Amino acid sequence: MRFELNGTPVEAEPRPGQCLRTLLREQGAVDVKKGCDAGDCGACTVLVDGQARHSCLVPAPRAEGTAVTTLAGLSGPDGGLHPAQQAFAEAQGFQCGFCTAGFVVTTAAATAEGPVPDADVDRVFKGNLCRCTGYRSIRDAIGGVRNAGSGDEVGAGVGACVPPPAAQRVVTGAERYTMDVEPAEQAATLHLAVVTSPHPHARVTRIETTAAAALPGVRLVLTHADAPDVLFSTGRHDNRLDDPDDTRVLDDVVRFVGQRVAAVVADDLATAEAACRLVEVEYEPLPAVLDPEEARTPGAPLVHGDKDAEVSRISEPDRNVVAQLHSEVGDVEAGLAAAAHRVAGRWQTARVDHTALETHGARGWLDAPLADGGRLQLRTSTQVPFLVRDELAHVLGLAQSQVRVRTARVGGGFGGKQEMLVEDLVGLAVLRLAEQGTYAPVQWELTREQQFAHTPVRHPMRVAVELGADANGVLTAMAVDVLSDTGAYGNHGPGVMFHATHESVALYRCASKRVDAEAVYTHQVPSGAFRGYGLGQVIFAIECALDELAREVGLDPFELRRRNVVRPGDDFVVTGPSSGDLVHGTDGLPQCLDLVQDALAAPGEGGPGDVPDDPHAPAEEWAVGEGMAASMIATIPPRGHHADAAVELHDDGTVLVRVGTAEFGNGTATVHTQLVVEGLRDVLPLAPSQVRLHAGDTDAVGHDTGAYGSTGSVVAGAAVLRAARALAARLAAGESAAPGVPLTARASDHGAVRSAAYNVHGVRVAVHRPTGQVRVLRSVHAADAGTVLNPEQLRGQVEGGVAQGFGSALLEEVRVEDGVATTRTFRNYRVPQLADVPRTQVLFADTYDSIGPLGAKSMSEAPYNPVAPAVANAVRDALGTRPYALPMSRDRVWRLARQATQEQAQDQPQETP
């Protein structure tokens, strides 16, 4: 078959059933991404004879005789950018960048005859998804709005809208992600596939692998008999003891549908998958428990009843409780008894998927035999390369010095890549193949279906809240009861539970507080780390309860918060473990409350009195309401977070920064570049383009805990700034780089003291009573971020968190039936599309943090947390009936509207006949 690829004639022979996406990647067009292989996300979009097509839906043979243009092919022969590429670079229309190829190619096709009318943008881009940006910057790129400088101004440090260092590489397809390798390297790669359990709980009684091993092209078959009998956790923290050791690489007891049972390594993926179908597995089904309330009752089937509580660090394995907290300060019952006003309720949150556009995947190989000093090398899509290295060494029986883990650019994370989900099996396969004399790279890349059905989700929680307040609305008591479903394994279960009940409760002054919380095992897909790390679930309940309390007292909800939030000088009153390292770095929350309240009240589109202008839904069918919520989050995880950094001046005048933090759309590469420019400003004025980065590599520096808890700026960034200033001091003393020998300064930061960051979100919504549709008329978010290092980038982080919050509030849920995840595609999951996300007005408090680098705070996770309760409070305001479950999908809101109508009818006085 012949066709043209980016202007070059190509001859290729497609395999039976092959799609154009995989054929193009085999020809070296690795700028064509895999986000779903179902035509839902648009990451694989290419031009076929000038028409934008999802290449995963195009049978490869249909490309015969066509001209195919990928993102890389849009650039001119001299390397000049296509107008669409230029627009996305100047608008900073990406974060992780994994979706950018699809958006830029679609934009190029849509604007070939002229600009896309604003009214058509939602329709034209309905096939393209972005999880990171919240779409505002993408809309700006489509409309030609410029949000960034050139990136090459000398001294463009703090406060400048410096574009990401990789901007041009991202928009031209030159930036490499985990699976982006050259055709020759790909041809030499072996592929791994897995056999998974069809049962939520069963014992493997027999595995027969003879037929699978005999299939031509199969190199290795692995079962639990071939795996180390080492317990570990997939959840990664700096201290590995934070998570329970309850997991094996391969186990003879399966505890959820989709747990891996065996693995096959073969010359190609199709052969590996065919061999998996030949593996014969016999199971002894065991009783399963799927409900967390039932799981902790006496007599329930045990998920990890075989584990030693002390050895595995499980609170009560004989009651399926992985972790628990029962603690009280003050006297809650007395506070409730003395209250003039009391409210109580129970709220439920759903399983939510991270849906990073790049799925989990890893490539592993030995660079030489271990006996000859070789090392296990892994390139993986992780947020925590050092923590993966350390745990791999532990599980596989290697020294840490024998393992190197690195990342390319990572296509989104949101906490989902603070896990070790693929690296252990890839590493084991590499070692077992080497024992047979085979030294070849092994690759395992999850499908979107596997990502939905088999990998950790956000912890679903049931949260009961009871509040008491005096006649002035001042809190007298808070009682919070949390039941968290950690699923079949406890990765992040304890940490999420403790974090969920910390800042959510500590935000408010109240002398009497009680928390009862349990994280419980069930035979469901595991839960894990997710943006907000448990706070979003509990904040949803507390902020809704506070809204109801404001109604009981007769106070404006903003005023109720003003009377109760902590202020400098107040202690953070918490009920659980506290390291005592959380301080008031700023006092920005009052500003945030004022900013949001004023912005909601301002005239204009979506302002007071507005209703949707919809010819199919007259104004009287809409109910309009306002809602707000506040949140607090510590800027660093507890008990320290560690980062090393080195800054080197080379003899060509460029500066190299070595840091362990991975870039996955969190913006650390940009911030670190700006901090170096700032740190060297007085002795060596630099443009950002003179700063190079070596990041996300365990060989780069001594240690980096990783990019989670929004620490890339405030911990790793602090180390980078300190190293830059140390280099500046050496330069000021007259030292210089020698030919071939850079002048280097090193520094570390340990996150020993943490500040508190604050966020307030406000919305005005319209609820369509006949259908349950919720439209956001106005969205306002205020953040106390301290010094704003990069205004455009920080705005984008806030918008992305808010958009994800809207998804959790209104659309997203991984549905499970009898232990089987039935949500397996984007089209059934409803990641917010461009048309679903309203423009959010982002406002920043004018503060300077006493802890963070140059007064900055972290702000990647925080914006997500107050969105869902703000929307729920607005729906309650509109309908007069409160929603208690997420997501507030149309069917649920429709039922609420009917309930509200019936209650209102019952309250009407009846006429006497």
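What you see is a predicted model, and the numbers here were worked out from it, not measured in a lab.
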Chemist: If the threshold is 4.0 Å, N to carboxylate O, is there a salt bridge linking Asp697 and Arg404?
Modeler: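 A salt bridge is present here (some side-chain N lies under 4.0 Å from a carboxylate O).
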Chemist: What I want to check is whether the side chains of Thr670 and Gln793 have a donor and an acceptor closer together than 3.5 Å.
Modeler: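 Thr670 vs Gln793: donor-acceptor pair found between side chains.
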Chemist: Mind checking side-chain hydrogen bond (donor to acceptor under 3.5 Å, both in side chains) for Thr382 and listing every partner two or more places apart, or none if nothing turns up?
Modeler: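 Partners of Thr382 by the side-chain hydrogen bond (donor to acceptor under 3.5 Å, both in side chains) criterion come out as none, since no residue qualifies.
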Chemist: Can you confirm whether the side chains of Glu423 and Thr380 place a donor and an acceptor under 3.5 Å from each other?
Modeler: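 Their side chains do contain a donor-acceptor pair, which is all the 3.5 Å distance test asks for.
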Chemist: Output, in order, the C-alpha distance, side-chain angles, deciding distance and verdict of salt bridge (Lys or Arg N to Asp or Glu O under 4.0 Å) for Arg409 and Glu358.
Modeler: CA-CA 10 Å; Arg409 192 177 186 89; Glu358 181 191 37; over 6 Å; no
Chemist: With no hydrogens and no angle check, is any side-chain donor or acceptor of Gln804 less than 3.5 Å from a backbone partner on Ser808?
Modeler: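 Looks like no, no N/O pair under 3.5 Å.
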Chemist: Apply the ring pair (Phe, Tyr, Trp, His ring centres under 6.0 Å) test between His354 and each candidate in Phe664, Phe530, Tyr829, Phe414; give the one that qualifies.
Modeler: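 Result for ring pair (Phe, Tyr, Trp, His ring centres under 6.0 Å) with His354: Phe530.
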Chemist: Just verifying a value: how many Å separate Asp836 CG and Gln833 CD, rounded to the nearest 0.5 Å?
Modeler: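 Spacing of CG (Asp836) from CD (Gln833) equals 5.5 Å.
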Chemist: Are the ring centres of His459 and His492 closer than 6.0 Å?
Modeler: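 No, the ring of His459 stays outside the 6.0 Å limit from the ring of His492, centre to centre.
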Chemist: Might you point out which heavy atoms bring Leu507 and Leu589 nearest each other, and give the distance in Å?
Modeler: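 Scanning both residues, the minimum pair turns out to be CD1-CD2, 3.7 Å.
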Chemist: Are Phe386 and His703 close enough that their ring centers fall under 6.0 Å?
Modeler: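 Phe386 vs His703: aromatic centres under 6.0 Å.
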Chemist: Of the options Ser713, Ser860, Ser858, which is the one that meets Gln797 in a side-chain hydrogen bond (donor to acceptor under 3.5 Å, both in side chains)?
Modeler: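 Testing Gln797 for a side-chain hydrogen bond (donor to acceptor under 3.5 Å, both in side chains) against Ser713, Ser860, Ser858 leaves exactly one candidate, Ser860.
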Chemist: By the salt bridge (charged side-chain N to carboxylate O under 4.0 Å, His left out) test, which pairs, at least two apart or in different chains, include something from residues 525-537?
Modeler: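 Residue pairs passing salt bridge (charged side-chain N to carboxylate O under 4.0 Å, His left out), neighbours aside: none found.
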Chemist: Under a 4.0 Å N-O cut-off, is there an ion pair linking Asp424 with Arg260?
Modeler: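 Salt bridge between Asp424 and Arg260, a charged N being under 4.0 Å from a carboxylate O: yes.
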Chemist: Would you name the heavy atoms of Val496 and Gly534 that are closest together and state the gap between them?
Modeler: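 Scanning both residues completely, I find the closest heavy atoms to be CG1-CA, 3.7 Å.
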Chemist: Looking at Arg351 and Asp485, is there a salt bridge between them, counting it only when a charged N and a carboxylate O are closer than 4.0 Å?
Modeler: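 Result for this pair is yes, salt bridge flagged.
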Chemist: Does a donor on one side chain sit under 3.5 Å from an acceptor on the other, for Ser748 and Asp644?
Modeler: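 Indeed, the side chains of Ser748 and Asp644 share at least one donor-acceptor pair under 3.5 Å.
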Chemist: Measure from the side-chain N and O atoms of Thr501 to the backbone N and O of Met497, and report whether any donor-acceptor pair falls under 3.5 Å.
Modeler: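 Indeed, once roles are kept as given, a pair shorter than 3.5 Å links the two residues.
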Chemist: Please confirm whether the backbone N or O of Asn865 pairs with a side-chain atom of Ser631, one donor and one acceptor, at under 3.5 Å?
Modeler: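 Here the side-chain-to-backbone pair does not exist.
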Chemist: Check ring-ring contact (aromatic ring centres under 6.0 Å, His included) between Tyr177 and all other residues, then give those that pass, not counting sequence neighbours.
Modeler: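 ring-ring contact (aromatic ring centres under 6.0 Å, His included) check on Tyr177 returns Phe98.
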Chemist: For His781, enumerate each residue passing the ring-ring contact (aromatic ring centres under 6.0 Å, His included) test, keeping only those at least two apart in sequence or located in another chain.
Modeler: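 If we apply the ring-ring contact (aromatic ring centres under 6.0 Å, His included) test to His781, skipping adjacent residues, the hits are His761.
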Chemist: According to side-chain hydrogen bond (donor to acceptor under 3.5 Å, both in side chains), who are the partners of Thr673, at least two apart in sequence or on a separate chain?
Modeler: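 So Thr673 forms no side-chain hydrogen bond (donor to acceptor under 3.5 Å, both in side chains) with any residue.
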Chemist: Can you check salt bridge (Lys or Arg N to Asp or Glu O under 4.0 Å) on Arg462 and Asp481, steps first, answer last?
Modeler: CA-CA 8 Å; Arg462 187 223 68 196; Asp481 187 286; 2.3 Å; yes
Chemist: Please identify each residue that fulfils salt bridge (charged side-chain N to carboxylate O under 4.0 Å, His left out) with Arg131, with sequence neighbours left out.
Modeler: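 Counting only residues at least two positions away or on another chain, Arg131 forms a salt bridge (charged side-chain N to carboxylate O under 4.0 Å, His left out) with Glu812.
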Chemist: With no hydrogens and no angle check, is any side-chain donor or acceptor of Ser755 less than 3.5 Å from a backbone partner on Gly585?
Modeler: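 Between the backbone of Gly585 and the side chain of Ser755 there is a qualifying donor-acceptor contact (under 3.5 Å).
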Chemist: Hey, does Leu425 have a side-chain heavy atom less than 4.5 Å from the side chain of Val194?
Modeler: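 Heavy-atom side-chain distance check passes, below 4.5 Å.
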Chemist: Before giving the answer on side chain to side chain contact (heavy atoms under 4.5 Å, CB included), spell out for Val520 and Leu483 the whole-Å C-alpha distance, their side-chain angles and the decisive distance to 0.1 Å.
Modeler: CA-CA 7 Å; Val520 177; Leu483 176 61; 3.4 Å; yes
Chemist: Would the distance check show the side chain of Asn320 and the main-chain N or O of Val303 forming a donor-acceptor pair, the cut-off being under 3.5 Å?
Modeler: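 A pair under 3.5 Å: yes.
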Chemist: To the nearest 0.5 Å, how far apart are CG in Leu834 and SG in Cys130?
Modeler: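 Rounded to the nearest 0.5 Å, the CG-SG separation comes to 9.0 Å.
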Chemist: Specify whether Tyr708 and His641 have parallel, tilted or perpendicular ring planes, treating 30° as the upper limit for parallel and 60° as the lower limit for perpendicular.
Modeler: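 If you compare the ring of Tyr708 with that of His641, the planes turn out perpendicular.
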Chemist: Evaluate Glu663 against Val410 for side chain to side chain contact (heavy atoms under 4.5 Å, CB included), listing each step before the verdict.
Modeler: CA-CA 6 Å; Glu663 172 63 65; Val410 177; over 6 Å; no
Chemist: Can you name the side-chain contact (heavy atoms from CB on, under 4.5 Å) partners of Arg448, sequence neighbours left out?
Modeler: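 Result, side-chain contact (heavy atoms from CB on, under 4.5 Å) vs Arg448: Cys36, Thr359, Gln451, Phe452, Phe826.
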Chemist: Going by ring-ring contact (aromatic ring centres under 6.0 Å, His included), name the residues that satisfy it together with His304, two or more places apart in sequence or in a different chain.
Modeler: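 Checked His304 against ring-ring contact (aromatic ring centres under 6.0 Å, His included); matches are Tyr489, Tyr521.
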Chemist: Test ring-ring contact (aromatic ring centres under 6.0 Å, His included) on Tyr533 and His499; report intermediate values, then the result.
Modeler: CA-CA 7 Å; Tyr533 210 65; His499 190 242; 5.8 Å; yes
Chemist: State whether the side chain of Thr522 and the backbone N or O of Pro292 hold a donor-acceptor pair below 3.5 Å, judged by distance alone.
Modeler: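 Flag not set: sc Thr522 to bb Pro292 has no pair under 3.5 Å.
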Chemist: Show, in sequence, the C-alpha distance, side-chain angles and deciding distance for Thr825 and Asp40, and conclude whether the side chain to side chain contact (heavy atoms under 4.5 Å, CB included) test is met.
Modeler: CA-CA 8 Å; Thr825 61; Asp40 294 338; 3.9 Å; yes
Chemist: Does a side chain donor of either His642 or Asp704 reach within less than 3.5 Å of an acceptor in the other side chain?
Modeler: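 Absent: no donor and acceptor within the cut-off.
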Chemist: Could you give the distance from CD (Glu518) to OG (Ser315), rounded to the nearest 0.5 Å?
Modeler: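 Output value for this atom pair is 7.5 Å.
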Chemist: If you measure from the Lys or Arg side-chain nitrogens to the Asp or Glu carboxylate oxygens, is any gap between Arg639 and Asp581 under 4.0 Å?
Modeler: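 Looking at Arg639 and Asp581, the cut-off is not met.
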Chemist: If only atom types and distance count, is the side chain of Gln450 paired as donor or acceptor with the main-chain N or O of Thr447 below 3.5 Å?
Modeler: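 Between the backbone of Thr447 and the side chain of Gln450 there is a qualifying donor-acceptor contact (under 3.5 Å).
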Chemist: Kindly write out the residues that satisfy salt bridge (charged side-chain N to carboxylate O under 4.0 Å, His left out) with Arg136, not counting sequence neighbours, or none if the list is empty.
Modeler: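 Only Asp140, Glu792, Glu799 meet the salt bridge (charged side-chain N to carboxylate O under 4.0 Å, His left out) criterion with Arg136.
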Chemist: Run the side-chain hydrogen bond (donor to acceptor under 3.5 Å, both in side chains) test against Lys857 and tell me which residues pass, sequence neighbours left out.
Modeler: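 So Lys857 forms a side-chain hydrogen bond (donor to acceptor under 3.5 Å, both in side chains) with Thr586, Asp784.
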Chemist: Kindly determine whether Ile636 and Val714 satisfy side chain to side chain contact (heavy atoms under 4.5 Å, CB included), including the steps that lead there.
Modeler: CA-CA 8 Å; Ile636 303 170; Val714 296; 3.8 Å; yes
Chemist: Can you name the side-chain contact (heavy atoms from CB on, under 4.5 Å) partners of Arg240, sequence neighbours left out?
Modeler: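 Applying side-chain contact (heavy atoms from CB on, under 4.5 Å) to Arg240 gives Phe232, Arg236, Asp245, Arg313, Glu391, His394.
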Chemist: I'd like to know if the side chain of Ser527 reaches the main chain of Pro456, judged simply by a donor and an acceptor atom lying under 3.5 Å from each other, with no hydrogens or angles considered.
Modeler: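 No: the side chain of Ser527 does not pair with the backbone of Pro456.
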Chemist: Give a yes or no answer on whether the side chain of Ser889 reaches the backbone of Leu811 with a donor-acceptor pair at less than 3.5 Å.
Modeler: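 No, Ser889 side chain to Leu811 backbone: no donor-acceptor pair under 3.5 Å.
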Chemist: Is it true that a side-chain atom of Glu445 and a backbone atom of Met179 form a donor plus acceptor pair closer than 3.5 Å?
Modeler: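 Such a contact is absent between Glu445 side chain and Met179 backbone.
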Chemist: Of all residues at least two apart in sequence or in a different chain, which pass the ring-ring contact (aromatic ring centres under 6.0 Å, His included) check with His360?
Modeler: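 His360 satisfies ring-ring contact (aromatic ring centres under 6.0 Å, His included) with no other residue.
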Chemist: Nearest 0.5 Å, please: how far is CD1 in Ile633 from CG in Asn759?
Modeler: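 Output value for this atom pair is 8.0 Å.
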